[in-house]
Amino acid sequence: QNQNEEDDKKLKHNEEVDVPSESTMVSSLKFIAAALFLMSALSTWLNSNASQHDAAIRTHRRLAEIEPVGDSVPSYMNELMDDLTARNKLMDETPPAEVKYWFEFSGPLQKYFYRYSRSRGKADYFEGRDDSGVISSRFVEETAGGKDYSDFFSNKGEDYSEASMRNRLLENCIAMGSPIRPDMSKDSIWYDWYATSAGTVADRCRILVTLNTVGAGRGTVMLWETNPPQLNAQGPEPWMSEQETAATHLERNLREMDAMCETGQIALRLQVLVCEPIPGKWTDWIDSLLVNCGGKAAPNDGRHGLDNGVAVEDRPSPVQVVVVASAATADTCHDLKSGFMEKRMQDLVLAPPYLNKNGSKDPSIKTTHPDLVTSDDYDVYVAMKWSSLVTLRSVNSFLQASADLAAAAASPDNVKAVLEKSVDGSSVAISNAPSSPFLIPSFVRVSYVSEENSKVAKWRMHGDFFHPAAWEICKDSFDMAWIPDSLSGAGGVNGICYNHDGIEAARVLPEGEHCGQWWVYMAEEQMSTTPEVYANEATPSVVQGASNHIWMVTERQRREIVKQLICHNDKEESCGEMPQAVLPLGDLESFLINFTPNTALGKKHNKGRRPGYSREKEHAMDREKVRERKQLKDQEDIEKALFDYTIYPAALFHKDATVKAARVRDELLTKHRDHDKAGPQTVKSSYYDVTITKPRQATLGWCQAIARKGLCTLYADYFRTSTDHRCMEACGMKMNWTPIQKEK
């Protein structure tokens, strides 16, 4: 984004902007190229169907009715304020010599069960803390994304202002979803499923989850050939290892989906994709776990899915099992390298019109068979593999990030931006320019260390923290971009960085600050290990740099993708770039999805198919230098671990992304760089650019914990419109980071 003259005047002292030197421009070439690629993103989907959405949004909060939080502190912030008080007290009352580095981490101890004793009838476990902020099936028992999310969506608030804050998910969903709203008459299925005891029924966010079940099994046996877990069984559930059966992972996902419907804001339907027909007992079992979504609870006598003698297949159900292969293609479907199921999943979700050769080019018209639930109207589509964990938190964060990007595209400043003047080395202006690429929030999978044997578990017991890591990306897989005005307020897609509709901007910043947020954008495709890496090559992800094993799109994003697919199918010359995957820095952990079997780490990537492939030659040169210097002589195992395997911890991902963003601003803002001095010279990250000998200040650790737990987005009304700016940097909303105090 080019710096306007008025903005330049606001920058003071160390934040003054000067014309970058030649060396600075060279170091910024990578970001400039990326900015050119992402320029004018989001295409035309914000304007398309805008008039149709007006009627749907009209029933919700108008922008004029939304007041900034200001100096007030909502009730949902009380627990966080108490936490900050406790952190300060701990630091103040502890003698300096006894202060430990881990004082900034807090939370209850968590148990990990690693071995089951049939003779004693219980499992061995050890305790620790997962401070990553990632929601995992292993350590987080609460559904919805943890206690904070569960409490927030279950408590509607006493006054209108707080109740409206808790409806942000629904408002974003309707604004980004289908303009056609559901039939809520008394004769409708909607009324039967979602009407209250008082006979009232309201609109909801309609979500379709398409579930890829290829590879799900119990040991070497296909899952559907076993019995589903017992429901309503007496006593505790038998402990089961993470690798023994996929049923435990499927059950957790179903409980997460049911928790979404329980909020009263989401109407979810599940489409289970299988290669061959499955026994009805499994369909009954799945339906019985989605009671809040319209399913029927299993009776105590074990006749799953029966409702007064009516079987699940003979009544409306939120579950539909779809056999996507024929007898001739069943073997290909079961082949994890073929990409067959990934392609079927994309076709069902996107439903481009050319698939049934009807000649239509209207992306709003779906071409799937009318008997399939995918033919209905939805607001959000979730396509995922059974091993990926979906939560209310991930859906809420995806919708907020999508609304933020839409708000940036509607910004008057970005609309006026000129390509040749918009690149400053780090910021990217996005607009609704025709035939431009657009940005879609995407996800990265993470896994924990597999501790399925006592030796590894015993070794692990010497640590204090559990931590997940990615294996499909590395430090070289992404870059950073500041997107101006990419903050949306309450009431749907409402930019809070600029005046519109005669209303002043809701976000009030200190002088010299800029409105927007930092984004991670994927510069490479995510590279998995075998066999999934071959499936991804056969069926590339819908969004560049996104995961093929969990992705989401809103209805409006789906239509724009379909427009592009139609253009390519017609072999037109100018179809624009593919959608680009991005992740908000301030809510990064919400987009890190737990691979529930937790067996991914420690597997070797195929040569030429590993993260960082765009710098493969540099990696080879680094390895050769290590050999020449004999730095790892007689330590081949360590050399292989460093160069042949990828384990990228979630905390390191967050740190690298933050430091990358801070460094590019430092490069731009430093007038006269001292090349003999290492590190930042003008601005820095207040949290990461420190020497770790003692813990950071309590407020810094407090803000970092807020960001890791996804509370910058969950409590967006407070962190975006209040006068409390302490966590701006941790929430990714501070463009120029923290000025470095110059020594006199």
Side-chain angles (χ1 to χ4, degrees), residues 52-62 65 143-144 149-175 177-209 232 254-270 284 286-300 304-320 373 375-380 392 395-396 399 490-492 555:
Q52 293 177 305
H53 276 69
D54 290 343
I57 301 172
R58 200 172 293 125
T59 58
H60 295 269
R61 290 185 287 173
R62 295 179 179 275
E65 300 173 356
T143 56
Y149 275 76
S150 180
D151 292 347
F152 186 82
F153 284 100
S154 61
N155 183 357
K156 301 303 179 183
E158 296 180 358
D159 58 82
Y160 172 77
S161 62
E162 284 208 17
S164 63
M165 293 178 185
R166 301 173 197 272
N167 288 330
R168 183 186 279 261
L169 181 152
L170 178 59
E171 293 168 343
N172 287 336
C173 183
I174 291 178
S178 172
I180 303 173
R181 305 317 301 165
D183 176 15
M184 293 182 283
S185 62
K186 288 192 175 182
D187 297 330
S188 65
I189 296 176
W190 190 278
Y191 186 90
D192 181 43
W193 284 354
Y194 304 122
T196 64
S197 56
T200 59
V201 64
D203 202 354
R204 294 189 177 206
C205 175
R206 296 164 299 175
I207 298 179
L208 173 67
V209 178
N232 304 314
L254 294 173
R255 296 195 184 282
E256 292 286 354
M257 295 173 197
D258 190 61
M260 295 184 199
C261 296
E262 191 177 7
T263 63
Q265 298 189 38
I266 291 177
L268 183 143
R269 300 194 74 174
L270 173 64
D284 299 341
I286 295 172
D287 179 87
S288 67
L289 289 173
L290 298 176
V291 176
N292 290 297
C293 299
K296 300 298 181 182
N300 291 330
H304 297 180
L306 294 182
D307 180 28
N308 295 325
V310 181
V312 63
E313 58 267 20
D314 296 328
R315 60 170 169 80
S317 171
V319 180
Q320 183 181 64
V373 295
S375 62
D376 294 338
D377 296 303
Y378 297 95
D379 303 312
V380 179
L392 177 63
V395 172
N396 178 70
L399 285 169
E555 170 62 15

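Bear in mind that the values here come from a model prediction, so they are computed numbers and not experimental data. The figures that follow rest on heavy atoms only: side chains count, while hydrogens, waters and symmetry mates do not.
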Q | Criterion side-chain hydrogen bond (donor to acceptor under 3.5 Å, both in side chains) on Asp183 and Ser185, from CA distance to verdict | A | CA-CA 6 Å; Asp183 176 15; Ser185 62; 3.0 Å; yes
How many angstroms lie between atom [atom1] of [X] and atom [atom2] of [Y], to the nearest 0.5 angstrom?
X: Asn172; Y: Asn167; atom1: CG; atom2: CG; answer: 11.0 Å
X: Tyr194; Y: Asp203; atom1: OH; atom2: CG; answer: 11.5 Å
X: Leu254; Y: Thr143; atom1: CG; atom2: OG1; answer: 12.5 Å
X: Asp258; Y: Asn292; atom1: CG; atom2: CG; answer: 4.0 Å
X: Leu270; Y: Met257; atom1: CG; atom2: CE; answer: 5.0 Å
X: Tyr149; Y: Thr263; atom1: OH; atom2: OG1; answer: 13.0 Å

(Q) Evaluate Thr200 against Thr196 for side-chain hydrogen bond (donor to acceptor under 3.5 Å, both in side chains), listing each step before the verdict. (A) CA-CA 5 Å; Thr200 59; Thr196 64; 2.7 Å; yes
Identify the two heavy atoms, one from [X] and one from [Y], that lie closest to each other, and give their separation to 0.1 Å.
X: Met184; Y: Trp190; answer: CG-CD1, 3.4 Å
X: Cys293; Y: Pro318; answer: O-CB, 3.6 Å
X: Leu392; Y: Ala144; answer: CB-O, 3.4 Å
X: Ser178; Y: Asp379; answer: N-OD1, 3.0 Å
X: Arg166; Y: Phe153; answer: O-CE2, 4.0 Å
X: Leu208; Y: Val373; answer: CD1-CG2, 3.9 Å

Q. Is a side-chain donor or acceptor of Asp287 paired with a backbone partner of Gly295 at a separation under 3.5 angstrom?
A. no
Q) Side chains of Cys261 and Trp193: does their closest heavy-atom pair fall under 4.5 Å? A) no
(Q) Tell me every residue that passes side chain to side chain donor-acceptor pair (under 3.5 Å) with Arg204, counting only those two or more places apart in sequence or in another chain. (A) none
Q: Sequence neighbours left out, what passes side chain to side chain donor-acceptor pair (under 3.5 Å) with Asp376? Give chain and number order.
A: Arg269
Q. Considering residues at least two apart in sequence or located in another chain, which fulfil the salt bridge (Lys or Arg N to Asp or Glu O under 4.0 Å) criterion with Glu256?
A. Arg252
Q | Check against side-chain contact (heavy atoms from CB on, under 4.5 Å), Asp377 and Arg206 | A | CA-CA 8 Å; Asp377 296 303; Arg206 296 164 299 175; 3.7 Å; yes
Q: Please name the residue in the list Val395, Asn396, Leu399 that meets the side chain to side chain contact (heavy atoms under 4.5 Å, CB included) test with Cys173.
A: Leu399
